[in-house]
Amino acid sequence: MNTGQRIDPRFPIGPAPQNLLPSAEQRAAAVQALAAQPATLAQVVAGLNEAQLDTPYREGGWTVRQVVHHVADSHLNAYMRTKLALTEPCPVIKPYDETRWAELPDSRLPVQVSLELLTPVHQRWVHLLAGLDEQAWQRPYVHPADGPRTVEQLLTLYVWHGAHHTAQITALRERRGW
């Protein structure tokens, strides 16, 4: 159903959620969604040729290839942030310049490199999250730009993050008829 509203191609599923996952069942569902992300991302880029992979998902945006490598970069960082939050008293995490990372030479590698990297990272991350107790979900960390966060908020953000970038690529494929 088209409501006549134009979807912002930068945020095809909307902005990052601010809500928490107050129940164990909601967190378990989010962990399972996180577990599925590497396979889902691989499916959405399957069959794309080199020219398609080097197509920006929107005008002025990253290419599909850069988006895939960005997801790997970001989720590696998120996994480490999770471990820091669980093992240190309120660590201040180190942000990174995503735009500059997307311009580095490794962002021109085949997407399969990052897809293969995401699978074991997510396996470890999901196993870690699935074993947390209630107190661990509330463990804090500090993002210098965003302020205090919890492990629970990190999970919410990265479930959205993976779905967000997958939707960007899916929307491009739909627009182009790929």
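- Residues satisfying the side chain to side chain contact (heavy atoms under 4.5 Å, CB included) criterion with Thr55, sequence neighbours excluded, are Leu172, Arg176, Trp178.
- Put simply, CZ on Arg10 and CD on Glu59 are 12.5 Å apart, with the number rounded to the nearest 0.5 Å.
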>> Could you go through Val68 and Val45, starting from their C-alpha distance and side-chain angles, then the distance that decides it, and tell me whether this counts as side-chain contact (heavy atoms from CB on, under 4.5 Å)?
In response: CA-CA 9 Å; Val68 172; Val45 299; 3.8 Å; yes
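- We find the CG-CD1 distance between Leu48 and Ile169 to be 8.0 Å, quoted to the nearest 0.5 Å.
- No side-chain heavy atom of Gln43 sits under 4.5 Å from any side-chain heavy atom of Thr166.
- Both Val121 and Leu132 sit in one connected hydrophobic cluster of ILVMFWY residues. Membership requires side-chain heavy atoms under 4.5 Å apart, directly or through other members.
- Side-chain contact between Trp160 and Phe11: present, with at least one pair of heavy atoms (C-beta onward) separated by less than 4.5 Å.
- For Thr82, the side chain to side chain donor-acceptor pair (under 3.5 Å) partners at least two apart in sequence or on another chain are Trp125.
- A search for ring-ring contact (aromatic ring centres under 6.0 Å, His included) contacts involving His69 returns nothing, not counting sequence neighbours.
- Identified under the salt bridge (Lys or Arg N to Asp or Glu O under 4.0 Å) test for residues 61-78, with sequence neighbours left out: Glu50-Arg65, Asp54-Arg65.
- Of the inter-residue distances, the one linking Leu86 atom CG with Arg139 atom CZ reads 6.5 Å to the nearest 0.5 angstrom.
- At least one side-chain heavy atom of Leu76 sits less than 4.5 Å from a side-chain heavy atom of Leu117.
- Inter-residue side-chain proximity for His75 and Leu118 is flagged as met; some heavy-atom pair is nearer than 4.5 Å.
- In this structure, OG on Ser74 lies 9.5 Å from CH2 on Trp101, to the nearest 0.5 angstrom.
- Gln138 places no side-chain N or O within donor-acceptor distance of the main-chain N or O of Gln135, the cut-off being under 3.5 Å.
- Residues Ala85 and Val151 approach most closely at CB-CG2, 3.7 Å, considering heavy atoms.
- At a threshold of 4.5 Å between non-hydrogen side-chain atoms, the residues Val159 and Val31 do not count as touching.
- Heavy-atom minimum distance, Leu155 versus Ala30: CD2-CB, 3.7 Å.
- The structure places OG1 of Thr63 at 12.5 Å from CD of Gln52, a figure rounded to the nearest 0.5 Å.
- Annotation for Val142: hydrophobic cluster partners, listed by chain and number, are Val92 (ILVMFWY side-chain heavy atoms under 4.5 Å, direct or chained).
- The stretch residues 40-62 participates, sequence neighbours left out, in these ring-ring contact (aromatic ring centres under 6.0 Å, His included) pairs: Trp62-His70.
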>> Assess the residue pair Gln26 and Ser23 against the criterion (side-chain hydrogen bond (donor to acceptor under 3.5 Å, both in side chains)); give the C-alpha distance rounded to whole Å, side-chain angles, the decisive distance to 0.1 Å, and a yes or no.
In response: CA-CA 5 Å; Gln26 288 173 309; Ser23 74; 3.3 Å; yes
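- Cluster partners of Leu109, using a side-chain heavy-atom cutoff of under 4.5 Å among ILVMFWY residues and allowing indirect links, are Val113.
- Connection of Tyr79 to Leu34 is established within a shared hydrophobic cluster, with ILVMFWY side chains joined at heavy-atom distances below 4.5 Å, either directly or through further cluster members.
- Atom CG of Leu129 sits about 10.0 Å away from atom NE2 of His122, to the nearest 0.5 Å.
- Considering only residues two or more places apart in sequence or on other chains, Gln153 meets the side chain to side chain contact (heavy atoms under 4.5 Å, CB included) condition with Leu20, Arg149, Thr150.
- Applying the side chain to side chain contact (heavy atoms under 4.5 Å, CB included) criterion to Ala35, with sequence neighbours excluded, gives Gln32, Val126.
- With a 4.5 Å cut-off on side-chain heavy atoms, Pro148 and Pro140 do not count as touching.
- Every pair tested for salt bridge (Lys or Arg N to Asp or Glu O under 4.0 Å) that includes a residue from residues 98-112 fails, sequence neighbours excluded, so the list is empty.
- Listed by first and then second residue, the salt bridge (Lys or Arg N to Asp or Glu O under 4.0 Å) pairs involving residues 114-136 are Arg27-Glu134 (not counting sequence neighbours).
- Considering only residues two or more places apart in sequence or on other chains, Trp137 meets the ring-ring contact (aromatic ring centres under 6.0 Å, His included) condition with none of them.
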> When you look at Tyr96 and Asn77, which way does the side-chain contact (heavy atoms from CB on, under 4.5 Å) test go after all the steps?
Replying inline: CA-CA 9 Å; Tyr96 63 99; Asn77 273 283; 3.4 Å; yes
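- Side-chain contact check for Gln168 versus Arg58: every heavy-atom pair is 4.5 Å or farther apart.
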> Does the pair Arg81 and Tyr158 meet the rule for a side-chain contact (heavy atoms from CB on, under 4.5 Å), with working shown?
Replying inline: CA-CA 12 Å; Arg81 291 170 179 177; Tyr158 281 90; 3.6 Å; yes
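- Contact check for Glu88 versus Lys83: no side-chain heavy atoms found under the 4.5 Å cut-off.
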